[in-house]
Structure formats: structure tokens, C-alpha cells
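Have a look at the structure below before the remarks.
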Amino acid sequence: MMTTSSTSPLPKTLHRCLATLLILSLLSACSVFKLKPVRPWDRDILAKPEMQLDADVMEAEMDEKIYYSKEASRGGAGVGGGGCGCN
Amino acid sequence: MQLKPRGKVSQALAAATCSLLSVNAQAVDSDTSWDMTHLHYAEKGRVSVAEQVVAMEKIYTDEDRFKLKLYHDSITGATPNGGGAFANTFTSASGGSYYSDGSGDALALIQDERIAVSAEWVEQTSRLEKRNYSLSYSNELDYDSVGASLTYDSESKDRMRSYNWGGSINYDVVRAQGGIPTGLAASTDMTRTAQENSVVVDLIAGMTQVLNRKTLLQFNYTLGLSNGYLTDPYKYISVIGGTVPLQYERRPSSRLGHSFYTRAIYNHKKNVAKASYRLYVDDWGVFSHTIDMRYRYKLKGRWHWQPHVRYYSQSAADFYSYAFYREGSDAGFPVSSDASSDYRLGNLTTLTAGVQFGRKVSRNSEFAMRIEHINQSDRLGEFQSVNALVAQISFTYKYQ
């Protein structure tokens, strides 16, 4: 008989339900709440380099490669990546 | 990936990379941005990697952008080969590529270099829309990858919300040193094929929402499809009670993964907090959570520092086991279905903690360095914990 090992603090189904619920809640948050528009003259903070989605792009790219080669998950922040026979 | 000297192409690229690293920020074109970085990754008693990247972005008058990135990295050291249950059989450290370090893991010596290039064209199709086209190529001694992507970004009229969607495709070729063994063959089997290939397709749909003048929220869904040779040709599985103690691993030839990613960016006084969560699930049985948090403190003068913590936890792939046991009616038979003892497919927990320091050199340029510690452990305690240090130094010149 071949045995495989697996361990998780919660059953997988419960994990999946909780995570799906979380994602759906977050997604609906934006559409449910009426958001007050931020006018162009109020965008000084949002325009700062450190507030951009691609701030620290080199660090993010290096991290993505490290964790892609050391863990079994991939994707999330963008498409592509990988492209290596990482050990 | 086994020991072998590399040709002159990478040396030439390394020289070119070094010359680009020495570019004087004052000498670059005023409409061109530069990013340069050097990273060193070192696992205690195992592999170490040095990587350099140079990125250039040229902005044209109509806001179109061209980005070019050059990568060079080299890897050397030892990595677990999957035969941990029979670590004491790998004793030929001198002259052999496989050995045991006495810690209970069987290790394979590796040495490789990688060069890669990517080019991206960002076309501003209207005031609120743009398209990104990119091509990439990566070469290692035993691995080639060529890729293309197309993504589309659009903003709402009030610029409170933006959407992005698109996809990428990669074609990868594996040419293991000494040939690719047949999956699940006995470790003594010398049958080899010259190369194998795989195709990876990623599709993404995302949205970024401005919540108020200090807060952004981002959501992404990524679908990843892989088909072809997804096995690691250098990895064994340990089979206890089988006819042969060591077989080559074999993974399924397709994989379908879903990634749900959300990130919040919040400005608190002059500081910036970033937090992200990713849920990943695939048909190999891997299910993972990733939480990543950074807080950028602005210090007096032009300095900042940014602590970073990351937590990652995954369940094992269905076909993973540290060792495979053959008993009862199976006793004496080899494992005949997909199987892997690669710890990266196991019950893995990764903890990362580190800090980045940065200083603005001028209005347009910034220097940053970071150091981080990564710990990977098996929740069942079967494989040895991996401890790694990451050090990175970066310089950015941004056209504004």
C-alpha cells in the first residue's frame, strides 16, 4: 500500500469555504459602499511613488522568483514569471 | 543542472550587465528611468544564488513606454534530491554529484547560470486605457523558456477604479544534464531522453479601487494552466519495502491552478502600510495561504526603513510523500503512480522577516538595501528546516 502524508489544521473544504467567503466579501465591499470620489487636487498622497502598485518593483520581482522556486504556489500579483528550472 | 562550465555568452552578458551597473545617473537621458539591483540568496549549508538585474524604461511624448530588462544569475551549492529516507546511501561527496551531509537529507550538487531578457511595450491607447505587450527569453544550461504576454488596463472616468485583464504564454524546454530519466524508473535505469517541454498559460483579471485619498485596494484572480513535462528530472522518491529503494519521481503532466490575491495600500501620516493576502488552490491538491505585510516609515532627512514579514502555509500535493511505503499486497512492487518526495510539494510553512533601508539620493533617485531571513519547515518534521538569508541592494533613477 502506498501512503502519502498530509496535514492541515482545518479540513480542506472548510478552508475553501472560508477563503471564498473572504474573497467575495472583499469584492463586494467596493460595490456595496458608495465611495466618495477623490478629486484630482486631492490626489497628492495617491500620487506618491511609495503609494504606487509597482513601488519596489525590483524587490517584488526578486521575491516572486525566490518563492516561485521554493514553494508550490504561483501567481497572484501578475501573469508570467517563472521561466526557470529553479532548484 | 549538474556541474559543467558555461560558455562565453553569459560572460559577455555579465560584462554588459556590469557596465550598465556603472552607468552614472547624471549621464542618462532625461526621459529614461533606470533600475539596477544585485541580490544574494544563501541557504545555510545548501545553495546560494547571486542575481543582477538592470531595467530601463524610456517614456515617449505620447506616454507610450518601452521597458527592457536584463537578468543574470548564478547558482551553486546543494539541494535535496528527494531520497531523504535513504540518505545514508548517498555517501560519495568526493567526485559524485549526490551526497548526504549527515543531517538526514540526501543532497545533489548543482551549478548553473541563467541569462534572461524581457522587453515590454506599453501603449497608451487613450487617456484611460493602455495595452502592455511583452516578450521574454531565459536560458540556463538545462532549461530554456520563451514567453509572451498581453494585458489591457482601463480606468473609470472618475479614476476611482481601474481594471486589468490579459494573459501570458510560456514555452519551456528542459534538457537535463546527462539526459532526462523516465519517470518512476529505478535509479539504476540508464534510459534517457534528450529533452522534454511544457506550455504554461496564465490568465488574469483584476481590479484596483481607490477607497479614499489615502487608501487603495487591489484584487486579482489568476488562472494558471500548465501542460507537458512538469517533473523535476533530478529528483528521486524513496520507496521503503519496494523492489528498488530509489525511483525517479514523476508528476502529473497537467496542472490547473487558481490564485486569488488582494492587497491594501494605506498612507498613515507620512508612512505607508501594505498588506496582501493570496489564496492558491490547484488540482494537484496544493492549497495555500500567503500573508505579506510591510510598513514603510519615513525617517528624518531622506531616509526610510521598512520592516517586512511574510507567512506562507501550504498543504501537500496529493502525490507527495517524504517516503513511500510498500506493504501488504503491494510489498515488493515499485511505485507505479505519480509520486514525488520534493519537500517543496510537502506540508510546508515559510516564515520571512526582514527590513529594508532606503535613502533618496536626489529628487529622482533612490538607493535601497534590505536583508531578510527565510525559514522553511515541514509541519510533520520529516525534512530538515531550510534557513536562508537574502541581501539585496538597489538603485533607482526615475524620470519624473
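Per chain, numbering begins at 1; letters A, B, ... match sequence-line order. Predicted model, so just to flag it, every value in this text is computed and none were measured.
Using a 4.0 Å cut-off between charged side-chain N and carboxylate O, Glu43(B) and Lys70(A) make a salt bridge. Note on Asp56(A) versus Arg294(B): no salt bridge recorded, every NZ/NE/NH1/NH2 to OD/OE distance being 4.0 Å or above. A salt bridge links Glu71(A) to Arg310(B): at least one charged side-chain nitrogen sits closer than 4.0 Å to a carboxylate oxygen. Between Lys298(B) and Glu50(A) there is no salt bridge, since none of the side-chain N atoms of the basic residue sits less than 4.0 Å from a carboxylate O of the acidic one. Between Asp63(A) and Arg370(B), at least one side-chain N (NZ, or NE/NH1/NH2) sits under 4.0 Å from a carboxylate O, which counts as a salt bridge. Between Asp158(B) and Arg39(A) there is no salt bridge, since no side-chain N of the basic residue sits under 4.0 Å from a carboxylate O of the acidic one.
Between chain A and the options Val210(B), Leu345(B), Asp292(B), heavy-atom pairs under 4.5 Å are most frequent for Val210(B). In terms of non-hydrogen atom pairs under 4.5 Å with chain A, the most contact-rich of Tyr171(B), Tyr221(B), Tyr266(B), Tyr280(B) is Tyr280(B). Options Gln392(B), Arg296(B), Lys398(B), Glu366(B) differ in how many heavy-atom pairs under 4.5 Å they form with chain A, and the most are formed by Gln392(B). Chain A forms the most heavy-atom pairs under 4.5 Å with one residue out of Val386(B), Asp342(B), Leu223(B), Asp35(B), and that residue is Asp35(B).
Residue contact with chain B, scored on non-hydrogen atoms closer than 4.5 Å, involves the side chain of Glu61(A) exclusively. Proximity to chain A is absent for every atom of Ala148(B), based on heavy atoms less than 4.5 angstrom apart. Proximity to chain A is absent for every atom of Val49(B), based on heavy atoms less than 4.5 angstrom apart. With a 4.5 angstrom heavy-atom cutoff, Leu53(A) touches chain B via backbone and side-chain atoms both. With a 4.5 angstrom heavy-atom cutoff, Arg159(B) touches chain A via backbone and side-chain atoms both. Only the side chain of Val390(B) comes within contact range of chain A, with heavy atoms under 4.5 Å apart. For Ile169(B), no part lies near chain A; criterion is any non-hydrogen pair under 4.5 Å.
The CE atom of Met58(A) sits 9.5 Å away from atom CD of Glu51(B), with the distance rounded to the nearest 0.5 Å. Considering CZ of Arg161(B) and CG of Leu35(A), their distance stands at 7.5 Å, rounded to 0.5 Å. Rounded to the nearest 0.5 angstrom, Met62(A) CE and Ser394(B) OG are separated by 8.5 Å. One finds the OG atom of Ser73(A) at 5.5 Å from the CD atom of Gln314(B) (value rounded to the nearest 0.5 Å).
Exactly one of Ile265(B), Asn212(B), Leu216(B) qualifies for a side chain to side chain contact (heavy atoms under 4.5 Å, CB included) with Leu46(A). That residue is Leu216(B).
Of all heavy-atom pairs between Arg74(A) and Gly224(B), the closest is NH1-CA, 4.2 Å. Contact between Thr222(B) and Gly76(A) at its shortest, heavy atoms only, is OG1-N, 3.6 Å.
Residue Tyr137(B) qualifies as enclosed at atom OH: its count of foreign heavy atoms under 6.0 Å is above 12. Shown here is Lys270(B), whose NZ atom has no more than 12 heavy atoms of other residues, nucleotides or ligands within 6.0 Å.
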Thr290(B) vs Tyr67(A), side chain to side chain donor-acceptor pair (under 3.5 Å): CA-CA, chis, key distance, verdict: CA-CA 11 Å; Thr290(B) 311; Tyr67(A) 296 118; over 6 Å; no
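Within the 4.5 Å cutoff, no side-chain heavy atoms of Thr396(B) are placed close to those of Val57(A). Asp44(A) is listed as a side-chain neighbour of Arg213(B), based on a closest heavy-atom distance under 4.5 Å.
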